[in-house]
Number of protein chains: 2
Amino acid sequence: MTTPKRRLPVMADVAREAGVSHQTVSRVLNDHPNVRADTRARVEEAITRLGYRRNLVARALVTKRSRTLGVVSFDTTLYGPASTIYGIEQAARTAGYFVSIVSLKSIDSDNVRDALGYLTEQGVDGVVVVAPQRSAWRALENLPSGMPAVAVEGMHNACVPVVCIDQVEGARLATRHLLDQGHETVWHVTGPADWLETEGRITGWRAVLEEAGRPVPEPLAGDWSPRAGYEAGKSLAAMKGVTAIFTANDQMALGVLRALSEKGVRVPDDISVVGFDDIPESEFFSPPLTTVRQDFAAVGRQCIEVLLRQIDTGPATAERLVVPPGFVVRSSTAPAR
Amino acid sequence: MTTPKRRLPVMADVAREAGVSHQTVSRVLNDHPNVRADTRARVEEAITRLGYRRNLVARALVTKRSRTLGVVSFDTTLYGPASTIYGIEQAARTAGYFVSIVSLKSIDSDNVRDALGYLTEQGVDGVVVVAPQRSAWRALENLPSGMPAVAVEGMHNACVPVVCIDQVEGARLATRHLLDQGHETVWHVTGPADWLETEGRITGWRAVLEEAGRPVPEPLAGDWSPRAGYEAGKSLAAMKGVTAIFTANDQMALGVLRALSEKGVRVPDDISVVGFDDIPESEFFSPPLTTVRQDFAAVGRQCIEVLLRQIDTGPATAERLVVPPGFVVRSSTAPAR
DNA sequence: CCGCAAGATGTGCTCGGTCATATGCCCCTC
DNA sequence: GAGGGGCATATGACCGAGCACATCTTGCGG
């Protein structure tokens, strides 16, 4: 008959087994130098014999450090957030931290506030907020004081440090590339209103057109989905004089390509298209998509770096770390005829 | 001057503020019935006045329930895992649980074992393993005993309950659809070796062909990436007599479409193509992709359901919950000429 | 008007670690 | 050979909640 109540072994059990005090066990576990080699060996042997695992919950209670970071994100099935979170998780784990995720279906200030509240109760050592919406942003203003935090893609007048990819520059690269190809002007399919990326990309696009003294067409409103791109593409195909389109992300660019193809418009011969993100699929669109590359993994890593610095050395200045975008030329753009 | 050491308020502070004992505060927090209404009100007021938040770490220590679930997953940037995890997270949070994620770069038994170890130390109440590889599977055999667990897409002789989408049936649907269109046989581009999905899809595909007495072509090895699909597509385009291709996922199907298009092969006129997953982009491929739909969100929900049942009512029988696949006919398939 | 049960509230211990401090020991130096 | 310093180890308090149980109220029936 096996022991009926198979309670997990605790430090005291190990101590008894090794014939030492629980404090010595603790020292072994935490690599304290002042433990005699043979004692250490005896303790370690007892640990493996009993299959002991330290209880991080108890440890967290007294150290007030859970070694867990919270992540609040919007729709983690989108490529951008998913990649960023992957980067965050990898970097966090390398640094010895766990990651606890809350992904919101819909973003509003209350949701974000609630999520941050849950995470606080749970005792996370810091939070990264991947919710690049204007509305989400307001919730950051009354973070539990003293809680280290970092935001992805935040606003300038930040109360917390921000890590972001230079959206404006990315949009400039895309637009300038199209103008350089000899296009008179560039149409733009935007992301959803309220998103900071949407605003940044519009800003960069508009700036380049204005600097070049070109007409600025009315942008078409999208929502990141291929369907929105498809609808926008149908409209654009029906319009006169459209020769270049800058789409705010790759998925919508796919929709645009589809719509143009259905209307018999050839890309890039009749119309050039540029996307934003460089998702793994873009290289294999028809035609392969010229696009702005975002290094999401780098963003994730930077977030953790900034966050850990805050945790270790106190509140940081509200810095702003900008990751430069890249540009990938493929076959969806060509000189204007 | 503000208080220099602004320690967070604890239950004792609230108790003092409200003129009751800490136990009464605890009762209010846990919605115990036996608290007089005015006492409750006084406590609640004290709570808001002090901005008190309960410390879940301390609570977890004594209740031995962290209300956190662990998730071990492989590459969370892939659409399938990402969607599944999203479903898991939503369902978990609805049930009042947090989700702690470990996403592995590479899968092997040791990695999974380590991840499960970390999660155990952290005191999760249960784990869901989204690592549908044969090698990962072995690590589940020596789970810390008594740890509730559930696996996504596991093997039959399971030691833990499994939630999965019927891969074999999905592949059958795809293959039968193509045979019904009058194609003599169907070529197959597989997922990476070692993945259970890969095996299931091969099994279903082969079974239908054999049942119909058709020749079974040598499958082409892929790895889920569009590039692999592209390479396979180039090979297939160069082969004689290929009229129907079943690709093990949509991303590879995209690569196949690209390769065929480059070689001047028309889809679906010359060759029909079917994918697997129904990612949001598939509808807008050129042509829109006929594919097998997987309801990842449902898988996530089921996982949590099974897991919570285990947590609440003890170890479950090693059940196996199968979510049926769907089939979406679009424009990438047509009758054989 | 008392007794008793149910309701309301308080007391003290516990969970499993870490921290501060005490204690015993050995060795070295003057 | 006494004193002191450093090392190895032990002891007890403590983190912030919940739980079991004790105690005090209250209401109601006889």
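Reminder, nothing fancy here: chain letters follow the sequence lines and each chain counts from 1.
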Original post:
Which part of the nucleic acid, if any, lies within reach of B:V57 when heavy atoms closer than 4.0 Å are counted: base, sugar-phosphate only, or nothing?
Top reply: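 No contact.
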
Original post:
Looking for any heavy atom pair under 4.0 Å, which part of the strands does B:M11 touch: base, sugar-phosphate only, or nothing?
Top reply: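 It contacts sugar-phosphate atoms only.
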
Nearest-Å distance for atom pair [atom1]/[atom2], residues [X] and [N]:
| X | N | atom1 | atom2 | value |
| --- | --- | --- | --- | --- |
| B:D13 | D:dA17 | CG | C1' | 13 Å |
| A:H32 | D:dG6 | NE2 | P | 17 Å |
| B:I47 | D:dA17 | CD1 | P | 10 Å |
| B:L29 | D:dG18 | CG | P | 6 Å |
| B:Q23 | D:dC21 | CD | C1' | 10 Å |
| A:Q122 | D:dG16 | CD | C1' | 16 Å |
| A:E121 | D:dA17 | CD | P | 10 Å |
| A:H22 | D:dA10 | NE2 | P | 9 Å |

Is any side-chain N or O of [X] closer than 4.0 Å to OP1 or OP2 of [N]?
| X | N | answer |
| --- | --- | --- |
| A:N34 | D:dC7 | no |
| B:R54 | D:dG18 | yes |
| B:S26 | D:dG18 | yes |

**OP:** For the helix from C:dC1-D:dG30 to C:dC30-D:dG1, measure the angle between the helix axis at one end and the axis at the other, each built from five pairs, rounding to 10°.
**Re:**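 Taking the rotation axis at each end, their angle is 50°.
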
Original post:
Is there a donor in the side chain of A:D194 and an acceptor in the side chain of A:S135, or the other way round, less than 3.5 Å apart?
Top reply: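 Side-chain D/A pair, A:D194 to A:S135: present.
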
**OP:** Report yes or no: do A:D125 and A:T68 form a side-chain donor-acceptor pair below 3.5 Å?
**Re:**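 Per modelled atom types, A:D125 and A:T68 side chains form no pair under 3.5 Å.
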
Original post:
Should the heavy atoms of other residues, nucleotides or ligands under 6.0 Å from CZ of B:R113 be counted, would the total exceed 12?
Top reply: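 Yes, the 6.0 Å shell around CZ holds more than 12 heavy atoms from other groups.
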
Original post:
Are any of the side-chain nitrogens in B:R309 or B:E319 under 4.0 Å away from the carboxylate oxygens of its partner?
Top reply: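 Salt bridge flag = yes for B:E319 with B:R309.
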
**OP:** Run the salt-bridge test on B:E44 and B:R49 with the 4.0 Å N-O cut-off and return the result as yes or no.
**Re:**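 Here B:E44 does not pair with B:R49 in a salt bridge, since their nearest N and O are not under 4.0 Å apart.
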
**OP:** Would you indicate whether the side-chain heavy atoms of B:L119 and B:V124 approach each other to under 4.5 Å?
**Re:**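 Yes, their side chains come closer than 4.5 Å.
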
Original post:
Which is the 5'-most and which the 3'-most nucleotide of DNA chain C that has an atom under 4.0 Å from a heavy atom of chain B?
Top reply: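 Terminal contacting nucleotides, 5' to 3': C:dA8 to C:dG16.
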
Subject >> Pairwise distance CD1(A:I88) to CD(A:Q302) - rounded to 0.5 angstrom >> reply: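 Reported to 0.5 Å precision, the distance equals 11.5 Å.
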
Original post:
Which residue, B:V62 or B:G19, contacts DNA chain C at a nucleotide closer to its 5' end, judged by nearest heavy atom?
Top reply: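 Its nucleotide being nearer the 5' end, the pick is B:G19.
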
Original post:
Considering heavy-atom distances to DNA chain C, does B:L61 or B:R36 have its closest nucleotide positioned more toward the 5' end?
Top reply: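 The 5'-side residue here is B:R36.
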
Original post:
Does B:E89 reach the main-chain N or O of A:S103 with its side chain, forming a donor-acceptor pair under 3.5 Å?
Top reply: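 Confirmed, B:E89 side chain pairs with A:S103 backbone.
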
Original post:
Do B:E305 and B:R301 pass the salt bridge (charged side-chain N to carboxylate O under 4.0 Å, His left out) test, and can you show the C-alpha distance, the side-chain angles, and the key distance before you say yes or no?
Top reply: CA-CA 6 Å; B:E305 205 171 293; B:R301 282 196 305 274; over 6 Å; no

Original post:
Between B:Y79 and B:F296, is the gap from one ring center to the other below 6.0 Å?
Top reply: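 Centroid distance B:Y79-B:F296: below 6.0 Å, so yes.
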
**OP:** Among the candidates D:dC21, D:dT9, D:dG16, find the nucleotide nearest to the side-chain atoms of B:R27.
**Re:**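 Between D:dC21, D:dT9, D:dG16, the one nearest the side chain of B:R27 would be D:dC21.
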
